Protein chains: 2
Amino acid sequence: MSDPLSAVLVALADPTRRDLMAALVDAGSATATTLAGRLPVTRQAVDKHLRVLADAGLVAGSRAGREVRWTARPDVLDESARALAQLAARWDRRLHALKREAEE
Amino acid sequence: MSDPLSAVLVALADPTRRDLMAALVDAGSATATTLAGRLPVTRQAVDKHLRVLADAGLVAGSRAGREVRWTARPDVLDESARALAQLAARWDRRLHALKREAEE
DNA sequence: CCGACGTGCAACCCTGGGGTTGCACGTCGT
DNA sequence: ACGACGTGCAACCCCAGGGTTGCACGTCGG
């Protein structure tokens, strides 16, 4: 699971995590406690999700005194989109090649 | 989870399902039994995964006598890539807007 | 017609992980 | 200095779902 795309896919597969990302992007920057106020889950649950998202690189947190401010990272999502498109292209080429091969 | 992108994300989040897709694309077209031979799982497990992938639209199966031939659908993956890129763009716009707003 | 083969379905096991509660620690404001 | 607040950690509950076995049904070939 070390490859970046897989990490992003796993991270975004969870609906709560998608909601979290949406809330975070909407706020621009927020703490785990604040975000927990916007979602129907506990602060600890939000924290766990943020760590998963951070592992995927979709989010980053920096300490500011007693609180941790989290921000979204759209770049990583963009890279993932590119990787997905590339994968789709590979599949497409492969399938077309097979089709051509079958027609002779 | 009815939205297409979420379905694809969930479908591709599982490593076995990614391997399955790879095997299927490589073969071009195959039955559940054949695919099970390439993976370290049972035919029934492969079948379950194929149904999930089919729900996401990444794969389609058609009956041919007593067997079912499955084929990959790169188009859907391509659409998902686009949707992801679009999402990334939305986030990016939102974050830039917030940043600009903060700097005045 | 009968065996071999591919499939579909159902019950079941078991781990992962989403979610919670509870508490200890560090930091801020007054 | 002291309370309020945000965080980190650990234990725990619970269930979705990945995987299995077992069997019944339909289809093909000889």
Side-chain angles (χ1 to χ4, degrees), chain A residues 1-24 27-72, chain B residues 1-24 27-72:
Chain A
M1 192 202 294
S2 63
D3 80 289
L5 179 58
S6 302
V8 170
L9 290 172
V10 170
L12 293 184
D14 184 76
T16 305
R17 238 140 32 207
R18 285 195 295 273
D19 292 348
L20 224 191
M21 285 301 299
L24 184 54
S29 168
T31 70
T33 309
T34 301
L35 289 168
R38 299 189 175 210
L39 299 182
V41 290
T42 317
R43 189 255 318 170
Q44 285 85 336
V46 169
D47 201 78
K48 283 191 188 177
H49 286 310
L50 283 173
R51 289 170 192 281
V52 175
L53 290 168
D55 281 348
L58 289 167
V59 119
S62 66
R63 176 132 238 146
R66 72 180 154 185
E67 65 183 19
V68 178
R69 300 213 67 81
W70 297 87
T71 51
Chain B
M1 191 198 297
S2 64
D3 80 289
L5 179 57
S6 302
V8 170
L9 289 173
V10 170
L12 293 182
D14 184 77
T16 304
R17 251 164 349 232
R18 285 195 297 271
D19 292 349
L20 224 191
M21 284 301 299
L24 185 54
S29 168
T31 71
T33 310
T34 302
L35 289 168
R38 299 188 175 211
L39 299 182
V41 291
T42 317
R43 190 257 316 172
Q44 284 84 336
V46 169
D47 201 79
K48 282 190 188 179
H49 286 309
L50 283 172
R51 290 172 190 282
V52 175
L53 291 167
D55 280 347
L58 288 167
V59 120
S62 67
R63 176 133 238 147
R66 73 179 152 185
E67 64 182 19
V68 178
R69 301 213 66 81
W70 297 87
T71 52

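Computed from a predicted structure; not experimentally measured.
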Within the side chain of R18(B), is there an N or O that forms a donor-acceptor pair under 3.5 Å with the backbone of L12(B)?
-> yes

Could you state the CZ-P distance from R18(B) to dG18(D), rounded to the nearest angstrom?
-> 12 Å

Who are the side-chain contact (heavy atoms from CB on, under 4.5 Å) partners of R43(B), not counting sequence neighbours?
-> A32(B), T33(B), A36(B)

Identify, between H49(A) and W70(B), the residue whose nearest nucleotide on DNA chain C lies closer to the 5' end.
-> W70(B)

With sequence neighbours excluded, what pairs up with R66(B) under the salt bridge (Lys or Arg N to Asp or Glu O under 4.0 Å) test?
-> none

Using a 3.5 Å cut-off and no angle test, enumerate the donor-acceptor pairs between side-chain atoms of residues 49-58 of chain A and protein atoms at least two apart in sequence or in another chain.
| from | atom 1 | to | atom 2 | distance (Å) |
| --- | --- | --- | --- | --- |
| H49(A) | ND1 | R17(A) | NH1 | 3.3 |
| R51(A) | NE | D47(A) | OD2 | 2.8 |
| R51(A) | NH2 | D47(A) | OD2 | 3.2 |

Using a cut-off of strictly less than 4.0 Å between a heavy atom of the residue and any atom of DNA chain D, enumerate the qualifying residues of residues 30-40 of chain A by number.
-> T31(A), A32(A), T33(A)

Heavy atoms only: give me the nearest M21(B)-A72(B) pair and the separation to one decimal.
-> CE-CB, 4.2 Å

Rounded to whole Å, CG of D47(B) lies from P of dG17(D) at a distance of 17 Å

Work out which heavy atom in V10(B) is nearest to a heavy atom in A13(A); give both atom names and the distance.
-> CG2-O, 3.5 Å

Closest nucleotide among dG19(C), dG8(C), dG18(D) to the K48(A) side chain = dG19(C)

Between NZ of K48(B) and CG of D14(B), what distance do you get to the nearest 0.5 Å?
-> 12.0 Å

Value in whole Å for how far the P atom of dT7(C) lies from CG of L50(B) | 10 Å

What residues form a side-chain contact (heavy atoms from CB on, under 4.5 Å) with A30(B), not counting sequence neighbours?
-> L24(B), A27(B), T34(B), L35(B)

When you measure from the side chain of A45(B), which nucleotide among dG8(D), dG19(C), dG19(D) comes out closest?
-> dG19(D)

Just how large is the angle between the end axes of the helix from dC1(C)-dG30(D) to dT30(C)-dA1(D), five pairs per end, to 10 degrees?
-> 30°

For the pair made of CG in D55(B) and C1' in dG18(D), what is the distance, rounded to whole Å?
-> 16 Å

Between protein and nucleotides 23-30 of chain C, what N or O pairs are separated by less than 3.5 Å?
| from | atom 1 | to | atom 2 | distance (Å) |
| --- | --- | --- | --- | --- |
| dT27(C) | O2 | R66(A) | NH1 | 3.4 |

Assign R69(B) to base, sugar-phosphate, or nothing according to its heavy-atom contacts below 4.0 angstrom with the strands shown.
-> nothing

Calculate the interatomic distance between D14(A) atom CG and dA16(D) atom P; express it in whole Å.
-> 14 Å

